[in-house]
Amino acid sequence: MTSGRLLALLSLLQTPREWPGSELAQRLEVSPRTIRRDVERLRDLGYPVRATMGAEGGYRLAAGTAMPPLLLDDEEAVAIAVGLRTATRQPVTGIGEASVRALAKLEQVLPSRLRRRVAALGAATVPVDLAGDGPGVDPEHLASIAGAIANRERLRFHYRAADGSQSRRHVEPTALVPSGRRWYLLAFDVERDDWRVFRVDRVERVLATGARAAVRELPAVDAATYMRERMLSGPPVYQAEVTVDLPLRAVRERLGDTPEELREVGEGRTWLRTHADTLEYVAFRIVLLGCDFEVHTPVELVAYLRDLRSRIDRAVG
């Protein structure tokens with residue numbers, strides 16, 4: 001009975017208001033002395049319950065030094081799950097990976113009735129990607145992969161390569177790495193006996209096998225470093241060198257955690273080398289900086305930007 005009453009008390013205190021002890025006692029049908037004891041139990045569990053004295057005093061849950069567990073009602077849980085799914089589709093720099101971890105934890109404990117509601121809302125929601133940066137990622141896949149990484153569990157899935165060929169993969173997932181507006185899975189391919197990087201938007205029919213994954217040492221300092229080295233060492237379809245009229249720090253802030261090479265070349269100017277599999281995305285990344293720039297290579301990018309300028313001129317007349 002005590003644990004259930006503590007949960008009920010915590011749920012009330014999570015409402016952003018001051019609760020008189022007499023009102024809490026009335027709601028929970030206990031004495032004010034019991035409320036005082038229960039408040040002390042919550043404090044022992046790490047919940048920072050503040051008490052104020054006087055006629056207008058009472059109890060409230062304050063911000064603490066650590067994040068305690070939260071109690072969510074059905075509507076709150078659905079709202080957070082839908083919000084996290086949206087964040088995984090259109091990740092904000094620096095929080096995309098955290099969104100996936102949080103989504104995996106939340107969906108693991110969601111009751112089936114709420115899972116259906118979240119799935120229905122997700123199916124009915126169509127995000128608009130103004131960047132035009134390729135296909136979106138299924139949040140279900142991200143959550144399943146993140147869960148397998150946390151549980152050190154092997155995965156099976158179907159994979160579609162860049163040339164359209166299909167293959168079945170049996171892997172030990174190690175890390176999810178967001179780069180730009182894409183998600184990549186770093187995993188050890190069991191059947192190929194080597195490390196592989198997969199684009200998550202090309203992953204289908206994800207299945208956690210239940211088999212434990214081996215503890216393996218990465219061939220790099222960490223997953224992000226390995227991904228950066230792979231992306232820079234691989235043969236990019238288009239590689240561009242540009243000088244932009246922005247300080248190096250400003251370029252870093254606007255591009256985020258991406259594998260571009262940067263070098264300061266003068267006061268307020270930065271040399272940039274970037275690459276991608278389409279001219280459109282290279283141009284988008286550069287134009288998004290919102291400053292003047294000079295393209296050094298390749299000539300295809302210069303031609304593409306000239307054509308784009310002509311189309312814009314015709315559009316605005």
Side-chain angles (χ1 to χ4, degrees), residues 86-96 99 125-139 160-165 177-184 197-203 224 227-317:
T86 302
T88 60
R89 287 194 181 101
Q90 299 178 314
V92 178
T93 300
I95 71 167
S99 299
T125 304
V126 182
V128 177
D129 187 1
L130 298 178
D133 184 24
V137 177
D138 187 342
R160 174 176 47 83
D163 60 4
S165 60
V177 184
S179 178
R181 298 180 67 84
R182 286 179 176 159
W183 287 91
Y184 297 87
V197 174
F198 304 95
R199 266 180 49 178
V200 180
D201 58 275
R202 294 175 179 165
V203 169
M227 279 290 304
R228 189 176 295 111
E229 292 173 351
R230 280 287 299 268
M231 294 175 78
L232 290 174
S233 64
V237 179
Y238 294 102
Q239 181 169 279
E241 294 185 15
V242 184
T243 299
V244 299
D245 292 344
L246 272 181
L248 188 144
R249 177 182 292 180
V251 176
R252 279 207 183 106
E253 290 175 351
R254 298 186 188 187
L255 290 179
D257 186 17
T258 52
E260 277 85 359
E261 293 181 59
L262 303 173
R263 184 172 71 245
E264 197 168 25
V265 293
E267 187 174 353
R269 305 193 79 210
T270 303
W271 174 87
L272 160 70
R273 175 185 288 155
T274 184
H275 68 265
D277 52 4
T278 65
L279 278 175
E280 290 85 351
Y281 187 62
V282 174
F284 168 75
R285 295 287 284 169
I286 297 170
V287 173
L288 189 65
L289 292 172
C291 64
D292 290 342
F293 59 89
E294 177 187 357
V295 177
H296 306 299
T297 60
V299 294
E300 294 93 339
L301 178 58
V302 175
Y304 176 80
L305 289 170
R306 284 175 177 162
D307 179 63
L308 182 62
R309 179 184 62 185
S310 298
R311 282 185 276 150
I312 293 173
D313 287 342
R314 291 195 297 271
V316 300

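No experiment lies behind these values; they were computed from the predicted model shown.
Of the possible donor and acceptor atoms, none in the side chain of R202 sits under 3.5 Å from a partner among the backbone N and O of A161.
In this structure E241 satisfies the side-chain hydrogen bond (donor to acceptor under 3.5 Å, both in side chains) test together with R273, sequence neighbours excluded. Every residue two or more places apart in sequence or in another chain that forms a side-chain hydrogen bond (donor to acceptor under 3.5 Å, both in side chains) with S165 is listed here: D163. In terms of the salt bridge (charged side-chain N to carboxylate O under 4.0 Å, His left out) criterion, E264 has no residue partners (sequence neighbours excluded). Annotation: ring-ring contact (aromatic ring centres under 6.0 Å, His included) contacts of Y304 (sequence neighbours excluded): none. Residues that satisfy the side-chain contact (heavy atoms from CB on, under 4.5 Å) test with R249, not counting sequence neighbours, are E253.
From Y281, atom OH reaches atom OG1 of T274 across 7.5 Å, with rounding to the nearest 0.5 Å. Separation of atoms CG (L246) and CG (L272) is listed at 10.5 Å; rounding is to 0.5 Å. Interatomic distance, R269 CZ to C291 SG, rounded to the nearest 0.5 Å: 9.5 Å. Between L301 atom CG and H296 atom NE2 the span is 11.5 Å, to the nearest 0.5 Å. The CZ atom of R199 lies 5.5 Å from the OH atom of Y184; values are rounded to the nearest 0.5 Å.
Side-chain contact between L262 and R252: present, with at least one pair of heavy atoms (C-beta onward) separated by less than 4.5 Å. When side chains are defined from C-beta on, L255 counts as touching L289, because their heavy atoms get closer than 4.5 Å. Within the 4.5 Å cutoff, no side-chain heavy atoms of V203 are placed close to those of R160.
For residues 288-306, there are no salt bridge (Lys or Arg N to Asp or Glu O under 4.0 Å) pairs, not counting sequence neighbours.
Summarising the geometry of G290 relative to R254, their closest heavy-atom pair is O-NH1, 4.2 Å, with the distance given to 0.1 Å.
Just one of T243, V244, T270 meets the side-chain contact (heavy atoms from CB on, under 4.5 Å) condition when paired with F293; it is V244.
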